[in-house]
Amino acid sequence: MGMDLKPINPSEFAPKDENGSPRWGRYNWTGWSILRNKLRIWGVDASELSNMNDGAIISEKTCLAIADAIEKHAHELSNEDGWLTNHIERWRTCGGYEQW
C-alpha cells in the first residue's frame, strides 16, 4: 500500500508502461514520507502532497518544482534516497497528478 499518482495531462515525452500508457508514479508510504521530508528541507511547498489516497490534485506547477528540486539536490542524496533521481522525468512530464 502507498500512494499511486495518475498523470493528468502527460506530455508526449512521459515515460510509458508496457501497454504504451503514461507510467504512474508509485510510492510506498516510506518512500512518500522520504520525498515529502526532502521537499520540506529543500524549501519546496509540499502542501499539495496528501496523506490520503482520495484523488487530490498535485498541480503541474508543483510537479515541475518537485522535478527541479530533485535534480538540483541529486548530489546530496544517499543510497537510501538516491532512487528519487529516477523519478525526475515522471514529475516533469506528468502534467499534474491525481493522488490515489
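Positions are given from 1, in the same order as the sequence printed here.
The only option from D4, L5, I57 that meets the side-chain contact (heavy atoms from CB on, under 4.5 Å) definition with E98 turns out to be I57.
Between D17 and R23 there is no salt bridge, since no side-chain N of the basic residue sits under 4.0 Å from a carboxylate O of the acidic one. Between R92 and E71 there is a salt bridge, since at least one side-chain N of the basic residue sits less than 4.0 Å from a carboxylate O of the acidic one.
By the rule that hydrophobic residues join a cluster once side-chain heavy atoms approach within less than 4.5 Å of another member, M1 and W100 end up as members of separate clusters. Taken together through direct or relayed side-chain contacts under 4.5 Å among Ile, Leu, Val, Met, Phe, Trp and Tyr, I88 and I34 form part of one hydrophobic cluster. Put simply, L77 and Y27 are part of the same group of oily side chains (I, L, V, M, F, W, Y) that touch within less than 4.5 Å, one to the next.
Heavy atoms from other residues, nucleotides or ligands lying under 6.0 Å from CG of N79 number 12 at most. Residue-environment remark: NZ (K16) exceeds the threshold of 12 foreign heavy atoms within 6.0 Å.
Of all heavy-atom pairs spanning G95 and I8, the tightest one is O-CB, 3.6 Å. Contact record, W24 with R90: O-NH1, 3.4 Å, taken as the closest heavy-atom pair.
Using modelled atom types and a 3.5 Å distance limit, the side chains of W91 and E89 yield no donor-acceptor pair. For the residue pair D45 / S47, a side-chain donor-acceptor distance below 3.5 Å is found, with atom types taken as modelled. Side chains of S59 and T62: a donor-acceptor N/O pair is present below 3.5 angstrom, by distance only.
Residue E60 holds its CD atom at 9.5 Å from OG1 of T93, rounded to the nearest 0.5 Å. Put simply, OH on Y97 and CD1 on I58 are 8.0 Å apart, with the number rounded to the nearest 0.5 Å. Note that the CD atom of Q99 and the CG atom of N51 stand 9.0 Å from one another [nearest 0.5 Å]. Atom CD of E76 sits about 9.0 Å away from atom CD1 of I41, to the nearest 0.5 Å. The CH2 atom of W42 lies 11.5 Å from the CG atom of D68; values are rounded to the nearest 0.5 Å. Atoms OG and CG, from S33 and N37 in turn, are 6.0 Å apart once rounded to the nearest 0.5 Å.
When atom types are taken as modelled, the side chain of N53 and the backbone of G2 share a donor-acceptor pair closer than 3.5 angstrom. Listed for the N19 side chain is no donor-acceptor partner under 3.5 Å among the backbone atoms of S21. Judged by distance alone, with hydrogens and angles left aside, the side-chain atoms of D81 form a donor-acceptor pair with the main-chain N or O of S78 at under 3.5 Å.
Counting only heavy atoms from C-beta outward, the side chains of C63 and C94 approach each other to under 4.5 Å.
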